[in-house]
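Since this is a predicted model, take the numbers as computed values, not measurements.
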Amino acid sequence: MKTKKRIFLPKWQRWFMVPLFVSMWLFITYMEFFNPDNSENLGIVGYVFMSLLFLGVGVMMYLMTSGKLPAYIIEETKEKEK
(Lines give C-alpha, C1' and ligand atoms only; values in the text may rest on other atoms or scores of the structure.)
Protein backbone atom coordinates (compact mmCIF):
# COMPACT_ATOMS: atom_id res chain seq x y z
CA MET A 1 0.00 0.00 0.00
CA LYS A 2 1.36 3.40 -0.94
CA THR A 3 1.01 6.41 1.28
CA LYS A 4 1.71 9.96 0.23
CA LYS A 5 3.08 12.54 2.62
CA ARG A 6 2.83 16.20 1.75
CA ILE A 7 5.71 18.18 3.24
CA PHE A 8 5.37 21.94 3.68
CA LEU A 9 7.98 24.55 4.51
CA PRO A 10 8.04 25.96 8.04
CA LYS A 11 6.16 29.19 8.67
CA TRP A 12 9.26 31.09 9.82
CA GLN A 13 10.57 31.02 6.24
CA ARG A 14 7.62 33.18 5.17
CA TRP A 15 8.78 35.96 7.48
CA PHE A 16 12.34 35.67 6.20
CA MET A 17 12.17 34.94 2.46
CA VAL A 18 9.30 37.17 1.31
CA PRO A 19 10.82 40.36 2.83
CA LEU A 20 14.19 39.33 1.38
CA PHE A 21 12.67 39.13 -2.11
CA VAL A 22 10.93 42.48 -1.64
CA SER A 23 14.13 44.16 -0.49
CA MET A 24 16.10 42.69 -3.42
CA TRP A 25 13.39 43.90 -5.82
CA LEU A 26 13.52 47.40 -4.29
CA PHE A 27 17.31 47.46 -4.58
CA ILE A 28 17.21 46.40 -8.24
CA THR A 29 14.52 49.03 -8.90
CA TYR A 30 16.72 51.69 -7.32
CA MET A 31 19.77 50.59 -9.32
CA GLU A 32 17.76 50.48 -12.55
CA PHE A 33 15.87 53.76 -12.40
CA PHE A 34 17.30 56.04 -9.72
CA ASN A 35 21.08 55.48 -9.71
CA PRO A 36 22.78 58.05 -12.02
CA ASP A 37 26.07 56.08 -12.11
CA ASN A 38 24.45 52.97 -13.59
CA SER A 39 25.71 52.57 -17.15
CA GLU A 40 24.19 49.13 -17.83
CA ASN A 41 20.41 48.96 -17.80
CA LEU A 42 18.07 45.98 -17.88
CA GLY A 43 15.60 47.78 -20.05
CA ILE A 44 11.86 47.72 -19.60
CA VAL A 45 11.45 44.16 -20.88
CA GLY A 46 14.20 42.80 -18.62
CA TYR A 47 12.88 44.70 -15.61
CA VAL A 48 9.30 43.46 -16.16
CA PHE A 49 10.56 39.89 -16.62
CA MET A 50 12.66 40.11 -13.46
CA SER A 51 9.75 41.62 -11.51
CA LEU A 52 7.36 38.87 -12.63
CA LEU A 53 9.94 36.25 -11.71
CA PHE A 54 10.38 37.70 -8.21
CA LEU A 55 6.60 37.98 -7.80
CA GLY A 56 6.12 34.35 -8.84
CA VAL A 57 8.81 33.06 -6.50
CA GLY A 58 7.45 35.17 -3.63
CA VAL A 59 3.91 33.87 -4.13
CA MET A 60 5.20 30.31 -4.39
CA MET A 61 7.16 30.69 -1.13
CA TYR A 62 4.10 32.14 0.60
CA LEU A 63 1.89 29.26 -0.57
CA MET A 64 4.45 26.63 0.46
CA THR A 65 4.73 28.09 3.96
CA SER A 66 0.99 28.59 4.42
CA GLY A 67 0.16 24.91 3.78
CA LYS A 68 -1.53 25.25 0.41
CA LEU A 69 1.31 24.12 -1.90
CA PRO A 70 3.51 21.21 -0.81
CA ALA A 71 7.25 21.64 -1.11
CA TYR A 72 7.74 17.87 -1.34
CA ILE A 73 5.54 14.83 -1.88
CA ILE A 74 6.98 11.62 -0.49
CA GLU A 75 5.53 8.27 -1.55
CA GLU A 76 6.17 5.39 0.81
CA THR A 77 5.26 1.79 0.29
CA LYS A 78 4.19 -0.17 3.33
CA GLU A 79 4.24 -3.93 3.33
CA LYS A 80 1.35 -5.78 4.86
CA GLU A 81 2.16 -7.41 8.15
CA LYS A 82 1.31 -11.10 8.37
From CE (Met31) to CG (Leu26), nearest 0.5 Å = 13.5 Å
Atom CE of Met60 and atom OG1 of Thr65: how far apart are they, to the nearest 0.5 Å?
-> 10.5 Å
Could you tell me which residues satisfy side-chain contact (heavy atoms from CB on, under 4.5 Å) with Leu52, sequence neighbours excluded, listed by chain and number?
-> Val48
So which pairs with a foot in residues 5-34 pass salt bridge (charged side-chain N to carboxylate O under 4.0 Å, His left out), sequence neighbours left out?
-> Lys5-Glu76
Here the gap from Leu69 atom CG to Leu9 atom CG, rounded to the nearest 0.5 Å, amounts to 9.0 Å
Which residues share a side-chain contact (heavy atoms from CB on, under 4.5 Å) with Ile28, sequence neighbours left out | Leu42, Met50, Phe54
For the residue pair Phe34 and Tyr30, categorise the inter-ring angle as parallel (less than 30°), tilted (30 to 60°) or perpendicular (more than 60°).
-> parallel
Check the surroundings of atom CZ in Phe16: do more than 12 heavy atoms from other residues, nucleotides or ligands lie under 6.0 Å from it?
-> no
Treating Ile, Leu, Val, Met, Phe, Trp and Tyr as nodes and any side-chain heavy-atom pair under 4.5 angstrom as an edge, say whether Tyr47 and Phe49 lie in one connected cluster.
-> no
Can you name the residues that form a side-chain contact (heavy atoms from CB on, under 4.5 Å) with Leu55, not counting sequence neighbours?
-> Val59
Check ring pair (Phe, Tyr, Trp, His ring centres under 6.0 Å) between Phe8 and all other residues, then give those that pass, not counting sequence neighbours.
-> none
Same hydrophobic cluster for Tyr62 and Trp25, using side-chain heavy-atom links shorter than 4.5 Å among ILVMFWY?
-> no
Could you identify which residues cluster with Tyr72, counting Ile, Leu, Val, Met, Phe, Trp and Tyr as linked when any side-chain heavy atoms lie under 4.5 Å apart, either directly or through a chain of such contacts?
-> Ile7, Ile74
Joint cluster assignment, Trp15 & Met24, ILVMFWY side-chain distance < 4.5 Å = no
